[in-house]
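To start, the structure itself, in C-alpha cells.
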Amino acid sequence: VAGAITLLFVPACKKTVEGETKSWNRNLQRVQRLKTLYPGFAAALDAREKKAQEAMAAAKKLNKANAPKMMAAANSQLMSGFVGKLDRVDSKIKRLRSQALSATSGARDRSDRMAARRAADDARSVLREVKELLRNGAETPAAALTILSKVEGDLRFAKRNLDRVIKVAKDKRKAAKKEAKVRERKAAKKEAAKRPWKCSYCDHKNPATALKCKNCNAPR
Ligand SMILES: [Zn+2]
C-alpha cells in the first residue's frame, strides 16, 4: 500500500540535470529582465540570485542521483516568494487596467454606471499607488516580499470590486434579455390567437374565436 501511495506523488516529468539547467538559464534571464523593469528591486534580486547561485553550484557537485533534485530546489529558491510575485505583477496590472477601462461599458442604468465608475476610479488609484511602490522597490528580499504582498492584496481588492460591478451589470443584461424573450413569446401567442385557423381533419377555415371546427366539430 505504501508503494502505491508513493507512486501517486512521483511527478509526471522526471527531473534531469539537463532540464534543470535549462530552467535555470531561463530563470536567470527572467530575473535579469525584472532588474531592468524594476530597478528599485535590483539589490533584493541580486541578493536572491547570489543565494540561489550558491545552492545551484553546490547541487551541481552532487552525484547524478541527487543533483537534479537539488538543482530543482535551487531553481525554486531563485523564483519563489517576492521574485515570483514580481514576475506576475505586470500581467495583473494589465488585466486590472483593461478591466477598469471596460467596466462602465456594460452598465445599463445610472446606478450601475456610477458604481462601475467608482470601482474603476478606485482601481486606477490603486494602480497609481502600485506603480509608485514598484518604482520605489525594496532593498532586501524580506522587504520586497512585504511590499509585493501588499501590492498583490491591493490589486486583488480592486479586481474584486470591479468583478462585482461587472457581474451585477451582466446579470441585469441577462435578466433584461430573458424578459424581452418572454414578452416576445407572449406577443407571438397573442398574435397567433387572432388569426383564423385551419382544421387539421377537414381543412375547414375557422374564425380565431372558434374552439371547435365549425364544419366537423373537431376540437382545435
Ligand atoms: Zn374540421
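For reference, positions follow the sequence shown, starting with 1. Because the structure is a prediction, the values reported are computed rather than measured. Order of appearance sets the numbers: ligands from 1, and atoms from 1 within every ligand.
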Worksheet item: Hey, does the side chain of R48 reach the backbone of S80 with a donor-acceptor pair shorter than 3.5 angstrom?
Response: yes
Discussion item. For the Zn ion (ligand 1), which protein N/O/S atoms fall under 2.8 Å? Skip waters.
Written reply: C199 SG, C202 SG, C213 SG, C216 SG
Worksheet item: CD of E139 to CZ of F41: how many Å apart, nearest 0.5 Å?
Response: 10.5 Å
Worksheet item: Within the side chain of N27, is there an N or O that forms a donor-acceptor pair under 3.5 Å with the backbone of S23?
Response: yes
Discussion item. So does L211 get a backbone contact from the side chain of R220, meaning a donor-acceptor N/O pair under 3.5 Å?
Written reply: no
Practice prompt. Mind jotting down which residue pairs meet the side chain to side chain donor-acceptor pair (under 3.5 Å) criterion with at least one end in residues 206-215? Sequence neighbours excluded, please.
Written response: none
Worksheet item: Is there a donor-acceptor pair closer than 3.5 Å between any side-chain N or O of N75 and the backbone N or O of E20?
Response: yes
